[in-house]
Amino acid sequence: MKETFGEYIHKLRVDNGLTLTKLAAALDIDQSTLSKIENGKRNIPSEIIPKLSSFFNLDLKRLEHEYLSERIAELIYPQEETQKLFLAAEEKAKYMRIKNQQQSSLKF
């Protein structure tokens with residue numbers, strides 16, 4: 001998905017003939033929050049992702065990836081040389097995984 005998460009939710013809602021009120025109720029958020037999410041004035045809370053997946057019968061893992069990729073894109077879009085940022089972030093993620101594994105294997 002190239003559009004924002006909010007635009008994607010708006011498209012899903014409109015394509016399924018739902019009002020803001022109906023979808024907001026299904027996601028257990030208020031209508032104004034959903035409107036702000038759709039209009040890009042607010043990020044979608046991560047706890048909404050499983051509800052969205054369930055309501056529209058969408059793949060949860062794919063939605064989680066889209067959510068995370070948008071969060072990352074928001075952080076890096078003003079930067080130049082984003083490829084270098086991705087490489088550095090991947091190295092840090094690998095380090096964090098190794099460190100976490102080492103800490104979990106410690107016996108007290």
Side-chain angles (χ1 to χ4, degrees):
M1 137 185 11
K2 287 191 179 181
E3 71 262 74
T4 67
F5 216 92
E7 291 168 338
Y8 180 64
I9 292 171
H10 176 78
K11 183 179 180 322
L12 283 172
R13 182 176 63 75
V14 170
D15 288 353
N16 285 277
L18 299 167
T19 64
L20 272 170
T21 306
K22 271 193 167 181
L23 183 55
L27 300 176
D28 198 27
I29 58 176
D30 64 41
Q31 180 179 335
S32 67
T33 299
L34 179 57
S35 177
K36 289 174 186 171
I37 290 168
E38 286 187 358
N39 290 308
K41 295 179 180 165
R42 180 171 179 185
N43 287 329
I44 185 168
S46 60
E47 62 271 8
I48 300 298
I49 306 300
K51 294 175 186 178
L52 190 66
S53 168
S54 177
F55 185 79
F56 287 110
N57 196 27
L58 300 169
D59 181 70
L60 178 59
K61 214 34 134 177
R62 179 176 176 258
L63 284 180
E64 288 172 338
H65 285 180
E66 291 295 339
Y67 169 79
L68 290 173
S69 69
E70 183 160 315
R71 300 300 304 267
I72 293 166
E74 288 170 352
L75 288 172
I76 67 165
Y77 86 89
Q79 303 297 318
E80 297 292 326
E81 300 182 16
T82 55
Q83 191 62 32
K84 288 181 181 179
L85 285 170
F86 285 129
L87 292 172
E90 182 60 30
E91 287 301 312
K92 286 187 191 279
K94 286 177 187 176
Y95 171 79
M96 293 165 99
R97 281 187 213 102
I98 290 168
K99 190 159 178 94
N100 191 344
Q101 287 173 350
Q102 288 171 345
Q103 288 178 348
S104 10
S105 67
L106 291 177
K107 296 185 177 159
F108 294 96

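We number each residue from 1, following the sequence as shown. Being a predicted model, the structure only gives us computed values, none of them experimental.
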Review point. Which heavy atom in Tyr8 sits nearest to a heavy atom in Arg62, and how many Å separate them?
Key: OH-NH1, 3.6 Å

Review point. From Glu47 CD over to Asp28 CG, what is the distance, rounded to the nearest 0.5 angstrom?
Key: 10.0 Å

Check your understanding: Any idea which heavy atoms bring Ser53 and Leu58 closest together, and the distance?
Key -> OG-O, 2.5 Å

Point to revise | Close side-chain approach of Leu23 to Phe56, heavy-atom, < 4.5 Å | key: yes

Point to revise | Atom pair CD1/CD of Ile44 and Glu66 - distance to nearest 0.5 Å | key: 12.0 Å

Exercise for review: Work out which heavy atom in Glu70 is nearest to a heavy atom in Glu3; give both atom names and the distance.
Suggested key: OE1-O, 4.3 Å

**Study point:** Minimal non-hydrogen separation, Arg13 against Leu34, with atom names
**Key:** CD-CD2, 4.4 Å

Practice item. Check whether Ile9 and Leu68 end up in the same hydrophobic cluster, where Ile, Leu, Val, Met, Phe, Trp and Tyr are linked by side-chain heavy atoms less than 4.5 Å apart. Key: yes

Check your understanding: What distance do Phe55 atom CZ and Leu18 atom CG have between them, rounded to the nearest 0.5 Å?
Key -> 5.0 Å

Check your understanding: Judged by atom type as modelled, is there a donor-acceptor pair below 3.5 Å linking the side chain of Ser35 to the main-chain atoms of Ser32?
Key -> no

Review point. Any side-chain heavy atom of Glu38 sitting closer than 4.5 Å to one from Leu20?
Key: yes

Review point. So how far is it from Asn39 CG to Glu7 CD, rounded to the nearest 0.5 Å?
Key: 9.5 Å

Point to revise | Glu80, CD atom: more than 12 neighbouring heavy atoms under 6.0 Å | key: no

Practice item. Would you give the length of the straight line joining atom CG of Leu63 to atom CG of Leu52, rounded to the nearest 0.5 angstrom? Key: 5.5 Å

Check your understanding: Leu27 versus Thr33: any side-chain heavy-atom pair under 4.5 Å?
Key -> no

**Study point:** Distance in Å, Ile49 CD1 paired with Lys51 NZ, rounded so as to fall on 0.5 Å steps
**Key:** 11.0 Å

Check your understanding: Hey, mind stepping through Leu85 and Glu81 against side chain to side chain contact (heavy atoms under 4.5 Å, CB included) and telling me if it holds?
Key -> CA-CA 7 Å; Leu85 285 170; Glu81 300 182 16; over 6 Å; no

Review point. Does one hydrophobic cluster hold both Ile76 and Phe5, with members joined at side-chain heavy-atom distances below 4.5 Å?
Key: no

Exercise for review: Look at atom NZ of Lys22 and say whether more than 12 heavy atoms of other residues, nucleotides or ligands are closer to it than 6.0 Å.
Suggested key: no

